[in-house]
Amino acid sequence: MTDPTVPALVPRPLPTMPVARDPRPGVAALVEDEVAALVATLGEPSFRARQVADAAWRSPAADWEEVTTLARPLRAALAERLRFDTVAATTIQVADGGATEKALHGLSDGRFVESVLMHYPAGADRRERNTLCISSQAGCAVGCPFCATGELGFERDLDVAEIVDQARHARRRLAGAGRHLTNVVFMGMGEPLLNLEAVLAAAAALTDPARFGLGARHLTVSTSGVVPAIERLTRLRPQWTLAISLHAARDPLRDLLVPLNRRWPVREVVAAALAYGRETGRRVSYEYVMIDGINDTPVDADAVVALLRGSGAHVNCIPMNQVAHTPWRASPGQRIAAFADRLRAGGLGVTVRRNRGQEVGAACGQLAAEQAGEPPAPTVARRRELLVAASVAALRGERSVDPPPAVAGPPAPRRGVARSSPGSAGRGQGGVGEGRRAAARERR
Ligand code: SAH
Ligand code: SF4
């Protein structure tokens, strides 16, 4: 039910209105047998399959036209059936003196997703790293109120090639500078574990030595806590690093910051993550976005310690990247340092991260949100008010009675205490994230 107090939205056109998707799959979605079958269908000798795979995974080509190892008629036949690059419409913005590149990828249906490439120079004790942060969905249904992607609402899942092609694009750009892509992290737009089939297939392509060839240990998947999907991953035992977006260790606050907590509360998420760590032997890391006066107190730090003590967990404290339409700011540096010290004193591993690419709005989804246009000012003002009221209620320790985000999974058990605080209107349907979500629905 929509909150009647949220002002009506004036529909806003996208700069590029969504259009029908290109029906041709991307070549990056094909496994070896499928390439072989296609080549056979085209009446070509089987060795052509190797040439097509080399063109897709090894060559610097960005288009079938540039694959000069194949005859022109074959290139044309392939182009009719397969897209060489599903994120060909990409614009790049550079920040941090060239160390951060933010790519805005236009998809065939006019939607946008982002990837961010971060260069870390070699240090005394480690090699150079080039880490790419990729998107798994356009928009996101989870609706974390500090996240620009959450603001957009869910648009659609990316397909396998759209995910992998972000990495192929970055690899080509790096190769031009004589560099290599060393790490890929699913920390861009979207909740990867809500697009699990495509993410599994994309991860398989990225880590297959015959395809993209990244070491599985150089892949990280971040999740806001889709417990059944974490359990499924545990059974599959991949060698990826799992990152959990924690942001709060107490349910009332996490209900607000990560609305999926209303369905899978933090203790269930951590239990699933610990099982993943045990079964795979991989360290689980926890992301903690530091928000001034919201989740950065000594009480919050102690709650994190109580939750994770003895688990070998590593916590990354990340100052919140400023996004439009929230009343919140990053915690001051001193408070972040004090929070980190308290976690260390509690026996946890801690890294304080610095935000990359702020000058190009490198927080997850910011550029794509800008493409979607500004919601009307009264909606923004109302949303901010609702968020303030909701955070007051959460800080009082009241659990949300709002429904969890509508995502696939088992039904949520009813839990929490009913309350009549005005903050309860500020979340879920018709709540704080509703501005852009309603605008997104209008566009469909
Ligand atoms: N949906 C997944 C992965 C994508 S978000 C998840 O939430 O884990 C990747 C990371 O970016 C998450 O830890 C998320 O909390 C963080 N993030 C989102 N908005 C941010 C912001 N404004 N400032 C800093 N980090 C942010
Ligand atoms: Fe979705 Fe992750 Fe953003 Fe939350 S932080 S809205 S889960 S992309």
- Note on the structure: When every non-hydrogen atom of Leu132 is compared with those of Gln166, the smallest separation belongs to CD2-O, 3.5 Å

- Task: Identify whether the distance between the nearest side-chain nitrogen and carboxylate oxygen of Glu151 and Arg383 falls below 4.0 Å.
- Result: yes

- Message: Taking Asp251 first and then Arg254, would you say they form a salt bridge - that is, a charged N and a carboxylate O separated by under 4.0 Å?
- Response: no

- Between Glu268 (side chain) and Arg263 (backbone), is there a donor-acceptor pair under 3.5 Å? no

- Closest heavy-atom pair and its distance - Arg24, Ala79: NH1-O, 2.6 Å

- Message: Which heavy atom of Leu387 sits nearest to which heavy atom of Pro327, and what is that distance?
- Response: CD2-CD, 3.5 Å

- Any sub-3.5 Å donor-acceptor pair from Glu80's side-chain atoms to Ala77's backbone N or O? no

- Donor-acceptor pair, Ser108 side chain versus Asp22 backbone, under 3.5 Å? yes

- Which value, rounded to the nearest 0.5 Å, describes the distance between Glu279 atom CD and Leu233 atom CG? 12.5 Å

- Item | Donor-acceptor under 3.5 Å (Thr41 side chain, Ala37 main chain) | yes

- Query: Where the side chain of Asp292 meets the backbone of Arg329, is there a donor-acceptor pair that is under 3.5 Å apart?
  - Reply: no

- Close side-chain approach of Val407 and Val226, heavy atoms under 4.5 Å: no

- How about Glu128 and Tyr120: do any of their side-chain heavy atoms sit closer than 4.5 Å? no

- Do the side chains of Trp264 and Pro404 get nearer than 4.5 Å, heavy atoms only? no

- How far does CZ of Phe154 sit from CZ of Arg156, to the nearest 0.5 angstrom? 9.0 Å

- Heavy-atom pair with the smallest gap, counting every atom of Leu38 and Leu82: CD2-CD1, 3.6 Å

- Side-chain donor/acceptor of Arg58 to backbone N/O of Arg211, under 3.5 Å: yes

- Query: Side-chain contact, heavy-atom cut-off 4.5 Å: Val266 with Leu246?
  - Reply: yes

- Task: Please round to the nearest 0.5 Å and tell me the distance separating atom CZ of Arg250 and atom CG of Leu257.
- Result: 10.5 Å

- Item | Check: Tyr276 and Val284 side chains under 4.5 Å, non-hydrogen atoms | yes

- Message: Measuring from atom CD1 of Ile92 to atom CG of Leu117, what distance do you get when rounded to the nearest 0.5 angstrom?
- Response: 8.5 Å

- Would you say the side chain of Arg342 lies within less than 4.5 Å of the side chain of Val350, judging by non-hydrogen atoms? no

- Item | OG on Ser136 to CD on Glu162, rounded to 0.5 Å | 11.5 Å

- Determine the minimum heavy-atom distance between Ile230 and Ala273, stating which atoms define it. CG2-N, 4.2 Å

- Could you give me the CA-CA distance, side-chain angles and deciding distance for Leu200 and Arg232, then say whether side chain to side chain contact (heavy atoms under 4.5 Å, CB included) is met? CA-CA 11 Å; Leu200 285 171; Arg232 174 144 175 238; 3.7 Å; yes

- Query: Is it true that a side-chain atom of Asn130 and a backbone atom of His180 form a donor plus acceptor pair closer than 3.5 Å?
  - Reply: yes

- Please answer whether the main-chain N or O of Ala243 pairs with a side-chain N or O of Ser285 as donor and acceptor at a distance below 3.5 Å. no

- Message: So if I apply the side chain to side chain contact (heavy atoms under 4.5 Å, CB included) rule between Tyr288 and each of Leu343, Ile318, Asp300, Asn316, which one comes out positive?
- Response: Asp300

- Query: Can Val184 and Thr131 be said to form a side chain to side chain contact (heavy atoms under 4.5 Å, CB included), step by step?
  - Reply: CA-CA 6 Å; Val184 172; Thr131 299; over 6 Å; no

- Is it true that atom CD of Glu66 has more than 12 heavy atoms of other residues, nucleotides or ligands lying nearer than 6.0 Å? yes

- Message: With a sphere of 6.0 Å drawn around CZ of Arg344, does it hold more than 12 non-hydrogen atoms of other residues, nucleotides or ligands?
- Response: yes

- Message: Between Tyr286 and His247 (judged by ring centroids, cut-off 6.0 Å), do the two rings come close enough to count as a pair?
- Response: no

- Item | Heavy-atom pair with the smallest gap, counting every atom of Arg72 and Glu65 | NH1-OE1, 3.8 Å

- Message: Looking at Arg83 and Asp165, is there a salt bridge between them, counting it only when a charged N and a carboxylate O are closer than 4.0 Å?
- Response: no

Let me check something: any side-chain donor-acceptor pairs from residues 47-57 under 3.5 Å, sequence neighbours excluded? List them with distances.
| residue | atom | partner | partner atom | Å |
| --- | --- | --- | --- | --- |
| Arg48 | NE | Glu44 | OE1 | 3.2 |
| Arg48 | NH1 | Gln51 | OE1 | 2.6 |
| Arg50 | NH2 | Asp54 | OD1 | 3.3 |

- Query: With no hydrogens and no angle check, is any side-chain donor or acceptor of Arg353 less than 3.5 Å from a backbone partner on Cys317?
  - Reply: no

- Task: Using modelled atom types only, decide if a donor and an acceptor are shared between the side chain of Ser135 and the backbone of Glu114 within a distance under 3.5 Å.
- Result: yes

- Message: Distance check, rounded to the nearest 0.5 Å: Ser224 atom OG versus Asn261 atom CG?
- Response: 9.5 Å

- Query: Are the charged groups of Asp85 and Arg172 less than 4.0 angstrom apart, N to O?
  - Reply: yes

